[in-house]
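What follows is one structure encoded as structure tokens, with my remarks underneath.
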Amino acid sequence: MRVMVVGGGGREHAIIKKLKENPHIEDIFAVPGNGGIGYDAICVEDIKATDVDAIVSYAMDHSIDFAVVAPDDPLVLGCVDRLEEKGIPCFGPNKAAAIIEGSKVFSKNLMKKYNIPTAGYEIFDDPAKALVYIEAQNTYPTVIKADGLALGKGVILAENYQQAQKAVTEIMEDKVFGASGNHIVVEEFLTGPEVSVLAFTDSKTLVPMVSSMDHKRALDNDMGLNTGGMGTIAPNPYYTRELAAQCMEEIFLPTMNAMNAVGRPFKGCLYFGLMLTPKGPKVIEYNCRFGDPETQVVLPLLKSDLLTIMQAVHDERLAEVDVTFSRGAACCVILASGGYPVQYQKGYPVRGLNVNAGLENSLVFHSGTQLQNGKLVTNGGRVLGVTATSDYLALAINKAYREVEKVNFTDMHYRTDIGQRALNV
Ligand code: AMP
Ligand code: GLY
């Protein structure tokens, strides 16, 4: 089989490494992939993950048998619809279903209509009305979210009216996120531990994967700016069996059923960003895809064959296949460029990896590397993810950090406390 994976970050590298365990796969094409992914797949560097026309022609020209569309933008743009029109089966939601991530107005209204627990909210298309509402509410922090995709930056936690005003103006008037800011959601601020749950669903059956915990802030002790994610652990110790059962009944299945009811059946990986509030678990966000860097701890714990599951999701026979996770734990530490998520340099040589661009006692997922004259150099804010697994979380964390110490590049930055809070639960 010839498989194509759209995307070029650590998440896609984790998907590719897992797919490679299937002996029926001859070739994997990563579009665009990156320098490190090139050790595991054929990278099509000159096609962007958002260039749907080029992706479709490439897939046709190279007789692709199955495609995995991993990032949010091509999913929201309808990449799956376009590939499937040409007879190429895909893993990932179609455009109609990807709206669950593509529009927060849609997802909030869906949750309200189907009684799925989430933060209270109001929707605005007029900045002046939004500000009158925020001033009248007078409760801070308050949460302001751009409706559409915003490169992970569309959520602002405003501590006071001035910050709220700045956020509303930037999103709705200055249009810093373009048309994504035509509408905003103003939302109640919730508190509690956060849990990420990815689930396979074919719209008839939903199978949650092992839970995980992201570490979004740039610096230790959750200080610094929000990032795409600086590290993850799985499973998430806050997410007990009881909570898992409650989420299945009150959130996961109702979401799958709601998407069916509104004529947008979801097939692919549905990501539930949850907050375990004093009033029970609530949805903070849905993503229509695997999380990054959640995937880098979840897939290494998957014992079943990933391609078999993905094909079953496509064929709507997920109920028939085995989806088993190991009982162990995993920790992924992200090695980032100094200055990320604001300003950083690229092009520094990455030192310490072995001839396969990996490490002996861990998995190395490349997020932002490039080959220059046969040498790996940094090429992004997040550069590498180092994942270790073990029977126990504490051991997985130690192992990951021992491996991290072998790697270096100029201005390399990583958090030293990934998983520490989880160990204290
Ligand atoms: P997102 O960019 O959608 O992943 O959101 C970024 C982060 O903002 C989340 O991981 C939460 O930590 C925080 N957040 C989003 N919505 C709320 C909310 N209603 N209350 C508290 N924190 C929130
Ligand atoms: N790690 C959060 C996300 O993938 O959106």
Side-chain angles (χ1 to χ4, degrees), residues 7 9-12 14-15 70-73 75-76 98 100-105 107-108 111 117-123 134 137 139-159 164 167 171 177 180 184-198 209 211-218 222-234 236 238 268-279 281-299 332 334 336 341 365 367 381-382 385 415 418 421:
R11 163 186 55 205
E12 288 75 17
I15 291 171
D72 47 5
D73 321 71
L75 289 166
V76 170
I100 197 164
E101 175 169 2
S103 167
K104 293 193 196 293
V105 170
S107 65
K108 294 298 289 190
M111 288 186 269
T118 187
Y121 70 100
E122 289 293 331
I123 290 164
I134 291 167
Q137 288 279 103
T139 36
Y140 300 97
T142 188
V143 186
I144 295 162
K145 299 185 172 182
D147 174 36
L149 296 183
L151 301 166
K153 294 183 186 144
V155 175
I156 288 104
L157 308 178
E159 300 285 349
I171 297 174
F177 307 121
S180 288
I184 57 166
V185 177
V186 179
E187 192 172 276
E188 168 198 11
F189 179 78
L190 300 176
T191 55
E194 288 185 53
V195 182
S196 307
V197 180
L198 318 182
M209 299 180 223
S211 63
S212 54
M213 182 194 285
D214 195 1
H215 297 68
K216 282 194 194 276
R217 300 295 195 97
D222 293 330
M223 307 293 276
L225 294 171
N226 251 324
T227 70
M230 292 297 293
T232 36
I233 55 108
N236 184 323
Y238 288 103
C269 174
L270 186 50
Y271 169 129
F272 298 89
L274 306 173
M275 199 170 265
L276 307 178
T277 78
K279 292 187 185 159
K282 295 192 181 190
V283 177
I284 288 281
E285 61 165 346
Y286 292 117
N287 291 327
C288 64
R289 52 173 174 85
F290 284 98
D292 190 339
E294 284 89 344
T295 308
Q296 290 92 311
V297 286
V298 169
L299 289 186
C332 174
I334 296 290
F365 301 118
S367 304
R382 294 190 289 181
R415 276 181 62 162
I418 302 301
R421 196 150 36 88

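Atoms within each ligand, like the ligands themselves, are counted from 1 in listed order.
For ligand 2, the polar-atom distance check against E294 finds a nitrogen or oxygen pair separated by under 3.5 Å. Residue contacts with ligand 1: L190 is placed with a nitrogen or oxygen under 3.5 Å of a nitrogen or oxygen of the ligand (distance criterion only).
Per-residue contacts place G228 under 4.0 angstrom from the following atoms of ligand 2 (heavy atoms of the residue considered): 1 (N). Of all atoms in ligand 2, listed by their number and element, those nearer than 4.0 Å to a heavy atom of D214 are 1 (N), 2 (C). Ligand 2 places these atoms under 4.0 Å from at least one heavy atom of Y271: 2 (C). Ligand 2 places these atoms under 4.0 Å from at least one heavy atom of G291: 4 (O). Every atom of ligand 2 with a heavy atom of N287 under 4.0 Å away is listed here by number and element: 3 (C), 5 (O).
Taking the charged nitrogens against the carboxylate oxygens, K108 and E187 do have a contact shorter than 4.0 Å, which makes a salt bridge.
Among protein heavy atoms, the minimum distance from atom 5 (O) of ligand 2 is reached at R289 NH2, 2.9 Å.
In this structure, the side chain of T227 does not engage the main chain of A218 through any donor-acceptor pair within 3.5 Å. A donor-acceptor contact shorter than 3.5 Å links the side chain of S107 to the backbone of K104. Using a distance-only test at 3.5 Å, with no hydrogens or angles considered, no donor-acceptor pair links the side chain of R415 to the main chain of G231. Between the T118 side chain and the V283 main chain, a donor and an acceptor come within less than 3.5 Å of each other.
Heavy-atom separations between K153 and ligand 1 are all 4.0 Å or longer. Within the 4.0 Å heavy-atom shell around ligand 2 one finds K216.
For E188, every heavy-atom contact with ligand 1 shorter than 4.0 Å involves the backbone, none the side chain.
Atom OH of Y286 is separated from atom OH of Y271 by 13.5 Å, given to the nearest 0.5 angstrom. Considering SG of C269 and CD of E294, their distance stands at 9.5 Å, rounded to 0.5 Å.
Among the candidates Q296, M209, E12, the single residue satisfying the side chain to side chain contact (heavy atoms under 4.5 Å, CB included) test with F290 is M209.
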